[in-house]
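What follows is one structure encoded as structure tokens, with my remarks underneath.
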Amino acid sequence: MGLIHIELFATLDLVGQSPGGPEEDPVGFPFGGWQAPLLDETTGAQVTAAYQGTDALLLGRRTYDIFAAYWPHQEDGEDNEIATLFNRVPKYVASRGRPDLSWQGSTVLGPDLATAVREVRDRHEHVKVVGSLNLVQTLLREKLFDRIDLWLHPIVLGVGKKVFDGGAVPTNVTLLEPPVANRKGTVYLRYGLADGTPGTGDMTAPGRGVGREG
């Protein structure tokens, strides 16, 4: 069985909508392209490294359409390394409709999404999910992920689709490596899925020294 890695770009209030440009997901969202002013060489290197070993992409319909219109034409540009990878590996699309699958290696998943994703995981070693916030909610709900790479950016938007927007269930994760911040304040966090569900405690219990007068 392979691994499913979710790659997410989010603001401090965990908005993940339309980071790359104003046309990605513009309905009711005035901040499309919010990530662009915060990018630098450190983040670019982190993103490139995160894709190493990827042998399949798992995408929601909107993200797939954006990628299919862009990446096939970038192999001679600055993003040649990622473009070559994305164009080469199989692409699996979560969609209720009939997307245009003209991007080489693309397949639409069946209506039983959870089962279809498990079959994709069995077929590959390192499956990457990029953006695709609606799809991510299903993966969170079903715990169909092994790692979350989260780039947390130092801005607050107050509006927009959230990274954890109705799909999250009680889940433990573990930090896989120390956080890294770039010069502009973006923090890279890499978490792995852990066993069990979150525990609870009492900070006012004897010996805790919290909320008690001394």
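The basis for the numbers below is simple: all heavy atoms, side chains too, and nothing from hydrogens, waters or symmetry mates. The first residue in the sequence is number 1, and the count goes up from there.
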Under a 3.5 Å distance rule, please check whether [X] uses its side chain to pair with a backbone N or O of [Y] as donor and acceptor.
| X | Y | result |
| --- | --- | --- |
| Asp13 | Val156 | no |
| Lys161 | Gly16 | no |
| Asn182 | Glu41 | no |

Give me the atom names and distance for the closest heavy-atom approach of [X] to [Y].
| X | Y | result |
| --- | --- | --- |
| Pro30 | Val159 | CD-CG2, 4.1 Å |
| Lys143 | Thr171 | CE-OG1, 3.2 Å |
| Gly60 | Ser132 | N-OG, 2.8 Å |
| Leu133 | Gln17 | CD1-N, 3.8 Å |
| Gly110 | Ala116 | N-CB, 4.2 Å |
| Ile155 | Thr11 | O-CB, 3.3 Å |

Residue pair [X] / [Y], side-chain heavy-atom distance below 4.5 Å:
| X | Y | answer |
| --- | --- | --- |
| Pro198 | Asn172 | yes |
| Tyr188 | Thr43 | no |
| Ile4 | Asp146 | yes |
| Gln137 | Asp165 | yes |
| Val136 | Phe164 | no |
| Val15 | Lys162 | yes |

Walk me through it: do Glu81 and Gln74 pass the test side-chain contact (heavy atoms from CB on, under 4.5 Å)? CA-CA 9 Å; Glu81 186 174 352; Gln74 303 305 313; over 6 Å; no
Asp76, CG atom: more than 12 neighbouring heavy atoms under 6.0 Å: no
Strictly by ring pair (Phe, Tyr, Trp, His ring centres under 6.0 Å), give each pair with a member in residues 43-62 just once, sequence neighbours left out. Tyr51-Phe86
Using a strict threshold of under 4.0 Å (side-chain N to carboxylate O), is an ion pair present between Asp122 and Arg118? no
Side-chain donor-acceptor contact under 3.5 Å, Ser106 with Tyr64: yes
Applying side-chain contact (heavy atoms from CB on, under 4.5 Å) to Val117 and Arg121, what does each step give before you reach the verdict? CA-CA 6 Å; Val117 170; Arg121 177 159 39 177; 5.5 Å; no
